[in-house]
Amino acid sequence: MKALRFHGRNDLRLEEVPEPFAGPGEVKVEVVWCGVCGTDIHEYQTGPSAIPSSERAHPLTGGHFPLTLGHEFAGKVVELGSGADAAPIGSRVAVEPLFRCGDCDFCRLGEFNRCVQFAALGLHADGAFAQFIVVPDYMVHPIPAAVSLEAAALVEPIAVGWHAATRAGVGPGDTALVTGAGPIGLGSLIALRALGASRVFVSEIGNGARARAARELGADRVVDPQVDDVVATVLDETQGAGVDIAIDTAGVQPALDAAVGAVRNGGTVVSSASWEGPAEVDLRTLLVREIGLLGTLAYSSEFADVLASMESAGPAIVEALVTKRVALSEAIEGGFDELIERKDDHIKILVGPDRTADARAFDDP
Ligand SMILES: [Zn+2]
Ligand SMILES: [Zn+2]
C-alpha cells in the first residue's frame with residue numbers, strides 16, 4: 001500500500017510499504033480522510049522534533065523515523081484482531097490517536113494525555129497518511145449515522161479546543177477570548193459555544209479564510225490585532241471587566257499579552273499553542289489580578305462529546321474548516337507545500353486515498 005513517510009526535515013516520501021494486519025486487540029482501518037495538522041507541518045519544516053530517531057525509539061511504541069505521518073483521521077473497519085470489539089467490520093469510525101501505557105497513575109484515572117509514556121499515532125508510531133492503519137481497539141470510536149467521515153476526521157483537532165475550553169472551566173454565560181483562528185482556535189470557539197459561553201471574541205490577523213470561518217462558527221466579534229487593540233476592544237465591550245476565559249492558540253508574544261490583558265480579575269488563561277521558544281509572562285500581573293494560567297495538551301475524554309456535537313453541527317464545521325481535499329499521491333505538493341506557501345488561504349486540508357474524486361460517495365453511511 002502507499003504511505004506518506006517522514007524521513008527527516010523537508011524529506012517526505014510517498015512510498016510503497018507492506019499492508020499491516022490486525023494483531024490481538026487491534027483494529028485495521030481503511031483510511032478515508034486524514035487532516036494535515038500544524039504539527040505535521042512543523043515536523044516537515046523544522047523537525048524531527050516530536051518524532052524519535054532510531055537511536056531514541058519511543059519506549060512504549062518502539063516508533064522512530066522513517067515513519068508514516070497523520071493523526072487526524074476517520075475511515076472504515078476492515079479487519080478485527082482477536083478480542084477487538086470496539087466496532088464491527090464495515091462500520092465507520094473516528095480514531096483517537098493517543099496510546100495508553102495502561103500502567104501509570106494517569107492512565108488509571110483516564111487522563112491518557114498525561115500518560116508518562118505519552119505517544120501518538122503519526123508521531124511515535126505509523127500514522128494515517130496511508131491506505132490502511134492498524135490501531136489498538138481502545139482508540140476506535142464508532143461514528144453516529146448523521147456524522148460524515150469528513151466531519152469525523154475533524155474531531156481530533158476540535159477535541160484539542162474542547163479540552164482547552166474544559167480545562168478553563170467554561171460554563172453557561174461565560175465570556176471568552178480566543179487568540180488565533182487556526183484549527184485549534186476554531187475548535188476552541190466551537191467548544192466554548194457548545195458549552196454555553198455567551199460571548200466569544202476571536203483575534204486573528206487579516207480578513208482571510210480564518211477570520212471568515214470564525215464568524216461562520218459563531219464568534220461575536222473578530223478583532224484584527226493589526227487594526228484594532230484587542231485588549232481595549234474586549235474591555236470596551238465588557239464594561240471594562242474583561243472576559244472570564246482567554247485561550248491562546250496563536251503562540252506569539254502579542255497574543256499571549258492580549259490574553260492576559262483581556263481576562264478579568266480572577267479569570268483563567270489557557271495556553272494551547274505550540275511555541276517555537278520561551279514566552280514572557282509578568283507573574284506580578286497574575287498575582288495582583290489573581291489570574292490562573294494553565295497549560296493544555298491534546299484531550300482525554302472529549303472525543304465522544306465532540307462526535308455527538310457533530311451530529312447537528314458537522315456540516316457547518318466541515319464547510320467552515322475544510323479548504324481543500326487532496327489525494328494521498330498528491331499530498332506533499334497539494335497538501336503540505338500548499339499549506340506552507342498559501343497559509344492564508346487554508347484552514348484544514350484533508351487527504352484522501354487515491355480515489356479522492358469519488359470519496360464523497362464512499363462517505364455515505
Ligand atoms: Zn493535530
Ligand atoms: Zn500511562
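What's counted below: heavy atoms across the whole structure, side chains too, no hydrogens, waters or symmetry copies. Every number for a ligand or one of its atoms is a count from 1 in the order of the listing.
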Stepwise side chain to side chain donor-acceptor pair (under 3.5 Å) check, Y299 with E156
CA-CA 9 Å; Y299 31 77; E156 199 273 351; 2.7 Å; yes
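Using a cutoff of 4.0 Å between basic side-chain nitrogens and carboxylate oxygens, R325 and E150 are scored as salt-bridged. Taking 4.0 Å as the cut-off between side-chain N and carboxylate O, D11 and R13 count as a salt-bridged pair.
Looking at heavy atoms from C-beta onward, K348 lies in side-chain contact with L154 at the 4.5 angstrom threshold.
Seen from the Zn ion (ligand 1), atom SG on C37 and atom NE2 on H71 lie at an angle near 110° (rounded to 10 degrees). Annotation: angle subtended at the Zn ion (ligand 2) by C104 SG and C107 SG is 110°, to 10°.
Per residue E72, closest N, O or S atom to the Zn ion (ligand 1): atom name OE2.
The Zn ion (ligand 1) has no N, O or S atom of D40 closer than 2.8 Å.
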